[in-house]
Amino acid sequence: MNQAYRVKLPTFEGPLDLLLHLIQQYEIDIYDIPVADITEQYMEYIHAMQHLELNIASEYLVMASTLLALKSQMLLPNQEVEETEDEYMDDPREELVQRLLEYKKYKEAAQKLKDHEGQTIYIRPPTFINDNMSKQKVKKGELSIDDMLHALGKMLARKEWNKPLDTKIKRTEISVQEQMRNVLQIVKRTDGGIRFDALFDNPSRPRIVATFIAVLELMKKNQVFCRQKTHFSDLFVYYVGGD
Amino acid sequence: MGISHLKSVIEGLLFASGDQGVTVKQLAHILNIDKTTVKHILDKLKFDYENNDRGITIIESHDIFYLATKPEHHHYIKQMIDTPHATKLSQAALETLAIIAYLQPITRTEIEEIRGIKSDRPVQTLLSRSLIEERGRKETVGKPILFGTSKDFLTYFGLTSLEELPPLSENIEETDVREEADLFFANFQKLNNNN
Amino acid sequence: MGISHLKSVIEGLLFASGDQGVTVKQLAHILNIDKTTVKHILDKLKFDYENNDRGITIIESHDIFYLATKPEHHHYIKQMIDTPHATKLSQAALETLAIIAYLQPITRTEIEEIRGIKSDRPVQTLLSRSLIEERGRKETVGKPILFGTSKDFLTYFGLTSLEELPPLSENIEETDVREEADLFFANFQKLNNNN
């Protein structure tokens, strides 16, 4: 759960993303990166983050040292040699360029996927024929309780039926969605986390289940996490914070 | 929107409506056309489905329309359900089973309240697979059937007794709520650690 | 049994299999015909469904076939089915998903090499949203888990098969980085040429 504490640099998905941003911002030719300039920009960014006392993911620092090493390599005298095709192959920047290009490719693919988001295709649940269906005994250990709990968790992600005009279904009074919002609100309000059992204020059966499933789901969504200092001690639920 | 486009959208809507089905009124509303046109298109679809290279059909019950398989194909469908690949429990059945396991004895309506969706099919499946069984009737209006897990349920999950289950199950009345919550979580953690 | 009858039964079986789907092998077994014939009929069905008066289509994920609605009708179907504000995927999750989609099966470490940053959290998110699933283990040190996209990935983005993924952008010449990428691209090119 320690990733909960790792603050991500705003708007950047890692050092490669930050570098691509700088390259775009300064209209730099990706195949001919002015290492000294970009290193300076990059370091400025890192310092700004440090100044804001943000916890910088170690990958950013690794990249910083890579850039600094590149910079000093580029300053070596053999740079005087005229750039030829052969020289290009030995360009110390080559590896970084490849990584940037590779990353860029998938970043663009992600954007294309994003454009498709919401164009949902629907599949229906399987059909069963009720008449004289043979009783099918099940085999030992075909499934685990884990599967069952997983199904409970998935229940929430499922599309809910929009109550049609003439439906006979009685809507649940305590929806898990609602309970997730409640739990999240409570947890958000308490900085030091909240005792797990304090979430179960209303001891009615459906509410207990709804709350339990809500916490489970929130954990899966990485919106809250739980901590237990020692075995059998009280559990605390904490808010993870922005995604 | 031309008739063929309307027909395609209505087929899609019928398909997606699943077990719940859809009414003429709903279709008219979504497509922003009058009910007579909807009925006309449903008739056209029905006619298409009568062709013997089609495997689905429209059924109508209490003014709700559903897509369904053709009765003459039930033999094949039964065979598919009986083949190993399909014996895996569906998401709906698993959810329902989890709820029954935790809260037994429980009525179908109570299950539906938690799932927020009609659950007669999954209950039916679980019954037919002998994972759950009837446990008498609840002493309330309509005396609804109560369901609980069966012996086969234990076998299926490789358990020797219900006590091995992450129990929100039988002693709910006696267990104090706090204790129960702790138990829930302890189990959930255990499961998580196993991953 | 003639082709049109086979077609009708296969449509019925696809319909009945729902979100469990059905494989060519299963269909061949149930109908007692060879797999080539099954594939041939599936192609015929797909072709029929392309007609613009049809509202359903066949999707394929890892050799399992499902009947589904058409992506272009999502707007109407959404009006009937309330999708409770499914949170959009974060940039991190989208990037991770794109890498998995094009390079599957792939390990988390390989994803992290491309993204240049730890990716356990987006992988977790994608797993919990059932957009990716485990696809065995890689035969290297530590036997890391391999991830691939799921059927829900296709339905979420309105794709009927992985082949519909948009081709990766050019500057591919330099991609000695991963053999898979080249392989994938070769496939896309083939597809593109076929269109």
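In the text below, chain A, chain B and the rest are named by the order of the sequence lines, each starting its count at 1. The structure displayed is predicted, hence computed values, not measured ones.
- No more than 12 heavy atoms of other residues, nucleotides or ligands sit less than 6.0 Å from atom CD of Glu95(A).
- The nearest pair of heavy atoms linking Gly116(C) to Arg99(A) is CA-NH2, 3.8 Å.
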- [ ] Check step by step if side chain to side chain contact (heavy atoms under 4.5 Å, CB included) holds for Leu113(A) and Leu89(C).
- [x] CA-CA 10 Å; Leu113(A) 276 184; Leu89(C) 292 172; over 6 Å; no

Open item on the list: If you apply the rule side chain to side chain contact (heavy atoms under 4.5 Å, CB included), what do you find for Thr155(C) with Ile123(A), and how did you get there?
Closed with: CA-CA 8 Å; Thr155(C) 57; Ile123(A) 305 184; 3.6 Å; yes

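- Taking a 6.0 Å sphere around CG of Asn51(C), one finds it holds more than 12 heavy atoms contributed by other residues, nucleotides or ligands.
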- [ ] Assess whether side chain to side chain contact (heavy atoms under 4.5 Å, CB included) is satisfied between Phe15(C) and Arg124(A), documenting all intermediate values.
- [x] CA-CA 8 Å; Phe15(C) 179 88; Arg124(A) 38 181 297 149; 3.2 Å; yes

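- Proximity of Ile121(A) to Leu154(C): side-chain heavy atoms (C-beta onward) are nowhere separated by under 4.5 Å.
- The pair Glu59(A)-Lys118(C) fails the salt-bridge criterion, with no side-chain N (NZ, NE, NH1 or NH2) lying under 4.0 Å from an Asp/Glu carboxylate O.
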TODO: Could you walk me through whether Thr120(A) and Phe157(C) pass the side chain to side chain contact (heavy atoms under 4.5 Å, CB included) test, one step at a time?
DONE: CA-CA 6 Å; Thr120(A) 318; Phe157(C) 291 100; over 6 Å; no

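- Heavy-atom distances place no part of Ile56(C) under 4.5 Å from chain A, backbone and side chain included.
- Among the candidates Glu95(C), Arg115(C), Glu113(C), the single residue satisfying the side-chain hydrogen bond (donor to acceptor under 3.5 Å, both in side chains) test with Tyr103(A) is Glu95(C).
- Atom CG of Asp63(C) is surrounded by 12 or fewer heavy atoms from other residues, nucleotides or ligands within 6.0 Å.
- Within the 4.5 Å cutoff, no side-chain heavy atoms of Tyr106(A) are placed close to those of Thr96(C).
- Using a 4.5 Å heavy-atom threshold, the side chains of Tyr102(C) and Lys105(A) count as separate.
- Checking side-chain atoms of Lys114(A) against main-chain N and O of Lys88(C) turns up no donor-acceptor pair under 3.5 Å.
- Of all non-hydrogen atoms in Pro15(A) and Ile117(C), the two that sit nearest each other are CD-CD1, 4.2 Å.
- The side-chain contact (heavy atoms from CB on, under 4.5 Å) test with Tyr122(A) is passed by exactly one of Lys78(C), His73(C), Met80(C): Lys78(C).
- Leu16(A) approaches Ile114(C) most closely through the heavy-atom pair CD1-O, 3.3 Å.
- Of the N and O atoms on the side chains of Gln119(A) and Tyr156(C), not one donor lies less than 3.5 Å from an acceptor on the other residue.
- Of the atoms belonging to Lys112(A), it is side-chain heavy atoms, and not backbone ones, that fall under 4.5 Å from chain C.
- With a threshold of 4.5 angstrom between heavy atoms, Tyr66(C) approaches chain A through side-chain atoms but not through N, CA, C or O.
- The CD atom of Glu13(A) lies 9.5 Å from the CG atom of Leu94(C); values are rounded to the nearest 0.5 Å.
- Between Ala110(A) and Ala98(C), the shortest heavy-atom contact is N-CB, 3.7 Å.
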